[in-house]
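Beneath this line is the structure, given in C-alpha cells, with notes to follow.
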Amino acid sequence: MEKFKILDVNLEKHGRILDYYTYHVQAPNGNVADWDVIEHKGAAAIVPIDKDGRVIMVRQYRGAIDDILLEIPAGGRDSVDEDFKDCAARELEEEIGYRSDDIKHLLDYHTAAGYTSERIQIYYTENLIPSKQNLDENEFIQIERYTVDELVWMIAAGEITDGKTIAGIMAYKLLREL
C-alpha cells in the first residue's frame with residue numbers, strides 16, 4: 001500500500017501537553033486534503049502485579065470525559081527524549097508507591113492513530129519493592145487490587161473502558177497463559 005504524501009504542516013496551537021496541527025496531505029490517487037493532527041510526546045503505562053498475583057490499579061477522575069476511570073498506572077513522558085521504560089518506572093512509584101528493578105516491555109499501543117501521534121509503551125512487573133507514593137498536587141488516586149480474571153470480566157462488562165488498560169490487561173493475561 002502506498003503512503004500519503006505530507007505537503008505542508010501548520011502548527012495551529014501549541015499546548016503544555018499537546019500540539020495541534022493541520023496537515024495538508026496528498027492521497028496516492030492525487031486528491032488533496034487537510035487533516036487535524038494532535039502531536040503528543042508519548043506515554044508509558046505499567047501492569048504492576050503484587051506478591052499475591054493481583055494487579056494494582058488506580059481509580060481517578062479524567063476531565064476530558066468528566067468521569068472516574070479504573071486504569072493501570074500511566075503518564076506522559078516529560079520530553080520526547082525520555083525513555084519510555086523510565087517513564088513507566090516513574091509512574092509506578094508516583095502513582096502507587098512501588099518501584100521495581102525488573103520492568104519488562106509488554107506492547108506498544110497507538111491510542112487513536114486517526115488523529116493523534118500518541119503512542120503508549122506498556123510494561124509489566126511482577127517484582128514490586130515498596131517505596132513512597134508521590135502524586136502531583138492535582139492528582140487524586142484511589143488504589144485498588146484485582147485478579148487478572150476479575151479485570152477481564154470488568155472489561156467484558158464495560159466497567160473498564162480505558163484503552164491502554166484494556167490492552168495491557170489482555171496482553172498480560174495472554175502472556176501469562178502462554
Side-chain angles (χ1 to χ4, degrees), residues 3-4 6-25 33-48 55-100 103-125 128 131-144 151 154-155 158-172:
K3 289 174 64 173
F4 284 57
I6 299 172
L7 303 173
D8 193 28
V9 176
N10 294 311
L11 176 64
E12 304 294 341
K13 172 79 170 120
H14 173 69
R16 189 177 59 80
I17 298 173
L18 307 167
D19 291 330
Y20 171 69
Y21 290 87
T22 299
Y23 279 36
H24 192 65
V25 299
D34 286 332
W35 289 350
D36 295 333
V37 175
I38 296 171
E39 290 196 4
H40 189 279
K41 292 180 280 205
I46 190 161
V47 180
V55 182
I56 303 175
M57 303 286 288
V58 296
R59 192 175 294 275
Q60 62 185 321
Y61 176 75
R62 292 301 195 178
I65 61 168
D66 190 28
D67 205 357
I68 297 171
L69 294 183
L70 185 64
E71 306 174 42
I72 56 177
R77 294 193 302 167
D78 288 339
S79 74
V80 294
D81 298 322
E82 182 181 21
D83 183 77
F84 283 93
K85 188 175 180 180
D86 292 343
C87 178
R90 183 185 73 241
E91 293 300 323
L92 177 69
E93 190 163 25
E94 281 182 7
E95 292 191 356
I96 65 169
Y98 286 91
R99 60 183 186 79
S100 178
I103 294 174
K104 298 178 179 139
H105 184 258
L106 191 57
L107 75 147
D108 286 4
Y109 174 71
H110 287 96
T111 59
Y115 64 86
T116 182
S117 64
E118 183 182 30
R119 177 176 62 139
I120 301 176
Q121 284 193 4
I122 303 175
Y123 297 84
Y124 74 98
T125 183
L128 295 173
S131 184
K132 185 176 186 267
Q133 189 181 38
N134 184 25
L135 298 175
D136 295 334
E137 67 180 40
N138 293 319
E139 195 170 29
F140 300 91
I141 288 176
Q142 180 176 310
I143 296 173
E144 302 177 16
L151 292 170
M154 292 168 80
I155 290 167
E159 295 173 33
I160 295 175
T161 59
D162 176 64
K164 72 182 172 308
T165 299
I166 293 169
I169 296 302
M170 298 307 289
Y172 179 76

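Everything numeric in this text was worked out from a predicted model, so none of it was measured. Any value given below was found using the heavy atoms of this structure, including those in side chains, with hydrogens, waters and symmetry copies removed.
No donor-acceptor pair closer than 3.5 Å links the side chain of K164 to the backbone N or O of Y109. Formation of a donor-acceptor pair under 3.5 Å by the H110 side chain with backbone atoms of A112 is not found in this model. No donor-acceptor pair closer than 3.5 Å links the side chain of S100 to the backbone N or O of L128.
The line from CZ of R77 to SG of C87 is 7.5 Å long, rounded to the nearest 0.5 Å. If you take NZ on K85 and NZ on K104, they are separated by 9.5 Å, rounding to the nearest 0.5 Å. Of the inter-residue distances, the one linking E12 atom CD with D19 atom CG reads 11.5 Å to the nearest 0.5 angstrom. In this structure, CD in Q142 is found 6.5 Å from CZ in R59, a value given to the nearest 0.5 Å. A distance of 5.0 Å separates OG1 in T165 from CD in E71, rounded to the nearest 0.5 Å. Within the model, atoms CG of D81 and CG of D86 stand 12.0 Å from one another, a figure rounded to the nearest 0.5 Å.
Heavy-atom minimum distance, A45 versus A74: CB-CB, 3.6 Å. Taking both residues in full, the closest heavy atoms of P73 and I96 are given as CG-CG2, 4.0 Å, listed atom of the first, atom of the second, then distance. Between Y124 and L106 the shortest heavy-atom distance is CD2-CD1, 3.9 Å. Nearest approach of A89 to I103, heavy atoms of both residues: CB-CD1, 3.7 Å. Closest approach of A167 and I122 over heavy atoms only: CB-CD1, 4.2 Å. When all heavy atoms of A171 and L107 are compared, the closest pair comes out as CB-CD2, 3.5 Å.
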- Query: Which is it for F4 and W35 under the side-chain contact (heavy atoms from CB on, under 4.5 Å) test, yes or no, and what are the steps along the way?
  - Reply: CA-CA 12 Å; F4 284 57; W35 289 350; 3.7 Å; yes
- Query: side-chain contact (heavy atoms from CB on, under 4.5 Å) between M57 and L151: does it pass, once the steps are laid out?
  - Reply: CA-CA 10 Å; M57 303 286 288; L151 292 170; 3.9 Å; yes
- Item | Evaluation steps, side-chain contact (heavy atoms from CB on, under 4.5 Å), between E95 and E139 | CA-CA 9 Å; E95 292 191 356; E139 195 170 29; 3.3 Å; yes
- Task: Show your working on side-chain contact (heavy atoms from CB on, under 4.5 Å) between I46 and T125 and close with a plain yes or no.
- Result: CA-CA 7 Å; I46 190 161; T125 183; 3.9 Å; yes
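For the 3.5 Å distance criterion, the side chains of Y21 and D36 fail to qualify, holding no donor opposite an acceptor.
Between E118 and I38 there is no side-chain heavy-atom pair separated by less than 4.5 Å. Two residues are said to be in side-chain contact when any heavy atoms from C-beta on lie closer than 4.5 Å; I143 and Q133 meet this criterion. Contact of the F84 side chain with the H105 side chain is not registered, since no non-hydrogen atoms from C-beta on lie closer than 4.5 Å. Using a 4.5 Å heavy-atom cutoff, the side chains of T161 and I65 are not in contact. Contact check for T111 versus T116: side-chain heavy atoms found under the 4.5 Å cut-off. Contact annotation: the side chain of R62 never approaches that of D67 to less than 4.5 Å [non-hydrogen atoms, C-beta and beyond].
Other residues, nucleotides and ligands place more than 12 heavy atoms under 6.0 Å from the OH atom of Y61.
A salt bridge links R90 with D78: at least one charged nitrogen is closer than 4.0 Å to a carboxylate oxygen.
The side-chain hydrogen bond (donor to acceptor under 3.5 Å, both in side chains) check on Y123 picks up Q121, with sequence neighbours excluded.
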